[in-house]
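Note: hydrogens, waters and symmetry copies are ignored here, and every other heavy atom, side chains too, is used.
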Amino acid sequence: MRIIGLAGWSGAGKTTLLTRLIPHLIGQGLRVSTVKHAHHSFDVDRPGKDSWAHREAGASQVLVSAAHRWALMTENRGNPEPDLAFLLGQLSPVDLVIIEGFKRAPYPKIEVHRAANGKAWLHPDDPDIRAIAADTPQAALPQAALDDIPAIAALVLRFAAGVG
């Protein structure tokens, strides 16, 4: 299993890029999973659902299963947030895991940059950024245009690294 991340400021287009990149990589015969870090509280369940009631009642984990998918929710309940290595260990094996977020963790990344955001580049301060996907030229690292999915996929495959 190999990993690569998409790092960038909010509004740079990471999620949009990821939703275009995944089908392209799958079309090349790869099995792809993602890990998304949220900087805020989030919920994958809805109040009133049985699984929500189980979690609210104090269950440490709630597994929901149906014919087409299953999900395992784990409550940290005051424990520290798990690190990326632990979370990667929870995934089923695939060819490639693309990480959105965890931008300070040490793993290879592609910086996603949109000039209209007016934000500073990340790569000068992050040695783990190996390439850039941007709407403006930057000569420091290998680069692809934000809308050039085949070129970005090539960068992903070139710089993805093995887990552990």
* To do: Using the side-chain contact (heavy atoms from CB on, under 4.5 Å) rule, take V32 and V94 through it: C-alpha gap first, then chi angles, then the decisive distance, then the call.
  => CA-CA 6 Å; V32 180; V94 292; over 6 Å; no
Please tabulate, one pair per line, all N/O donor-acceptor pairs under 3.5 Å involving side-chain atoms of residues 59-74, not counting sequence neighbours.
from : atom 1 : to  : atom 2 : distance (Å)
Q61  : NE2    : T74 : OG1    : 2.7

* **Flag side-chain contact, heavy atom, 4.5 Å: S33 against M1** =>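 SC-SC contact between S33 and M1 ruled out.
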* Is there a side-chain contact between P106 and L84 (heavy atoms, below 4.5 Å)? -> no
So if you build clusters from Ile, Leu, Val, Met, Phe, Trp, Tyr with side-chain heavy-atom gaps below 4.5 Å, do [X] and [Y] land together?
X: L17; Y: L96; answer: yes
X: L146; Y: I132; answer: no
X: I26; Y: V35; answer: no
X: L157; Y: L6; answer: yes

Who are the side-chain hydrogen bond (donor to acceptor under 3.5 Å, both in side chains) partners of [X], not counting sequence neighbours?
X: E100; result: T15
X: E81; result: H37
X: T136; result: none

Shortest non-hydrogen contact from [X] toward [Y]:
X: P142; Y: L155; value: CB-CD2, 4.0 Å
X: Y107; Y: I3; value: CB-CD1, 3.7 Å
X: A144; Y: I152; value: CB-CG1, 3.7 Å
X: G11; Y: N117; value: C-ND2, 3.3 Å
X: A133; Y: I110; value: N-CG2, 3.9 Å

Going by salt bridge (charged side-chain N to carboxylate O under 4.0 Å, His left out), name the pairs with one or both residues in [range], residues two or more places apart or in two chains.
range: residues 145-154; result: none
range: residues 14-24; result: none
range: residues 85-96; result: R31-D95
range: residues 115-134; result: K109-D126, K109-D128, D128-R130

* Asked: Okay, side chain of R114, backbone of W9: is any donor-acceptor separation there less than 3.5 Å?
  -> no
* Those residues that, when tested against W121, pass ring-ring contact (aromatic ring centres under 6.0 Å, His included) (two or more places apart) ->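 Only H113, H123 meet the ring-ring contact (aromatic ring centres under 6.0 Å, His included) criterion with W121.
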Enter the distance from [X]:[atom1] to [Y]:[atom2] here, rounded to the nearest 0.5 Å.
X: H24; Y: I149; atom1: NE2; atom2: CD1; answer: 8.0 Å
X: F102; Y: L88; atom1: CZ; atom2: CG; answer: 8.0 Å
X: L21; Y: I4; atom1: CG; atom2: CD1; answer: 10.0 Å

* Go through the structure and list residues passing side-chain contact (heavy atoms from CB on, under 4.5 Å) with R77, not counting sequence neighbours. =>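 Result, side-chain contact (heavy atoms from CB on, under 4.5 Å) vs R77: R55, E75.
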* Asked: So I98 and L25, side-chain contact (heavy atoms from CB on, under 4.5 Å) or not? Walk me through it.
  -> CA-CA 11 Å; I98 304 174; L25 293 165; 3.8 Å; yes
* Can you tell me which residue pairs pass the ring-ring contact (aromatic ring centres under 6.0 Å, His included) test with a partner in residues 79-98, sequence neighbours excluded? =>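 Sorted result for residues 79-98: empty, none.
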